[in-house]
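Working notes for the structure below.
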Amino acid sequence: EMLRSLVGSEMCIETALTEGTIDIGILSDSVDFSGFETFPFHDDRLTLVVARDHPLSVRSSIHFAETLDYDFIGLQEGSALQEYLSEQAAKMGRRFKYRVRLRSFDAVCRMIERNVGIGVVPEAAANRLKKSMDIHTVSILDSWSSRKLIICAQSYSDLPNTVSYTHLRAHETPEHL
């Protein structure tokens, strides 16, 4: 039996889990988990990424609100991370000024490296990409920038036999989330 999963926004994943159209999903700790079986998957710290010669590159930390006057390089529409960031901006009565929206952290950081804009990506991805790109990271001081990713299912015992807790734990450092 095949494991059914979905890549998409948290709302889509939560709905699909509730409706039973997928077997398992990864959600951030901002979601209501009632009705799901869960276990912690990955601590996901978000960081601001800027070009080395960007005015914000002299900062070691920043409040998210201070970034919203700059042009952003974001992830494509439907990205769970980009929707999460948009929600945080909306809570401040603000919106992003996108220069471009791309499919991957690598593509986002390549545009940032060229000083096309700034962006927010998981710290693990930024640290990996800093090894091959001329980019600088700035810690985001807002508490929401440190989130936990949780694996959810309606029932782990109902998952296909090919999936086990041990198997899922073996992939705790996602490069694409």
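Scope of the values below: all heavy atoms of this structure, side chains included, with no hydrogens, waters or symmetry mates. Bear in mind that the values here come from a model prediction, so they are computed numbers and not experimental data.
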### Task
Using a strict 4.0 Å threshold on nitrogen-to-oxygen distance, state whether R52 and E113 make a salt bridge.
no
query = Can you tell me if E66 uses its side chain to pair, donor with acceptor, with the backbone of H63 under 3.5 Å?
reply = yes
Separation between CH2 (W144) and NZ (K91), nearest 0.5 Å, reads 9.0 Å
Shortest non-hydrogen pair, V121 vs L81, comes out as CA-CD2, 4.4 Å
**OP:** Give the C-alpha distance, both sets of side-chain angles, the deciding distance and a yes or no for side chain to side chain donor-acceptor pair (under 3.5 Å) between E77 and Y98.
**Re:** CA-CA 11 Å; E77 199 165 325; Y98 290 113; over 6 Å; no
Nearest heavy-atom approach of A51 to S57 is O-CB, 3.5 Å
The side chain to side chain contact (heavy atoms under 4.5 Å, CB included) partners of S155 (sequence neighbours excluded) come to E37, S157, D158
Residues L27 and C152: closest non-hydrogen pair is CD1-SG, 3.8 Å
> Is it true that atom NZ of K148 has more than 12 heavy atoms of other residues, nucleotides or ligands lying nearer than 6.0 Å?
Replying inline: no
By side-chain hydrogen bond (donor to acceptor under 3.5 Å, both in side chains), R45 pairs with (sequence neighbours left out) S145
Hits for side chain to side chain contact (heavy atoms under 4.5 Å, CB included) against D69, two or more places apart or cross-chain, chain-then-number order -> R94
I want to check something: taking the side chain as every heavy atom from C-beta on, are D134 and D53 in contact at a cut-off of under 4.5 Å?
no
Taken to the nearest 0.5 Å, the spacing of L17 CG from D23 CG works out to 8.5 Å
Any side-chain heavy atom of R110 sitting closer than 4.5 Å to one from L129?
no
Output for pair (E19 CD, E14 CD), nearest 0.5 Å, gives 11.0 Å
Which is it for T137 and E123 under the side-chain contact (heavy atoms from CB on, under 4.5 Å) test, yes or no, and what are the steps along the way? CA-CA 8 Å; T137 56; E123 189 174 66; over 6 Å; no
### Query
With side chains defined as the heavy atoms from C-beta onward, is the minimum distance between Y84 and R147 less than 4.5 Å?
yes
Distance col, row I24:CD1 vs I22:CD1, nearest 0.5 angstrom, shows 9.0 Å
Any side-chain heavy atom of F39 within less than 4.5 Å of one from I150? no
*Run the numbers on L46 and L85 for side-chain contact (heavy atoms from CB on, under 4.5 Å), then give the verdict.*
CA-CA 10 Å; L46 302 176; L85 293 170; 4.1 Å; yes
Face-on cation placement of R99 at F72 ring, 6.0 Å and 45° thresholds: no
Output for pair (N115 CG, I135 CD1), nearest 0.5 Å, gives 12.5 Å
NZ (K131) and CZ (R128) are apart, to the nearest 0.5 Å, by 9.0 Å
* Asked: With side chains defined as the heavy atoms from C-beta onward, is the minimum distance between I151 and T38 less than 4.5 Å?
  -> no
Check: Is any side-chain heavy atom of V49 less than 4.5 Å from a side-chain heavy atom of I118?
Finding: no
For the residue pair Y70 and H54, establish whether any side-chain heavy-atom pair is separated by less than 4.5 Å.
-> yes
Worksheet item: Can you find a heavy atom in the side chain of L75 that is under 4.5 Å from one in the side chain of R101?
Response: no
For M111 and L102, the nearest pair of non-hydrogen atoms, with its separation, is CG-CD1, 3.4 Å
Item to complete: Could you tell me whether a side-chain N or O of T15 sits under 3.5 Å from a main-chain N or O of C12, the two making a donor and an acceptor?
Response: no
- Task: May I ask whether L48 and L141 are part of the same hydrophobic cluster, defined by side-chain heavy atoms of I, L, V, M, F, W, Y residues being less than 4.5 angstrom apart, directly or through others?
- Result: no
Closest non-hydrogen atoms of R59 and V138, given as atom of the first, atom of the second and distance, are O-CG2, 3.6 Å
All heavy atoms of I13 vs all of I26, minimum pair found to be CD1-O, 4.0 Å
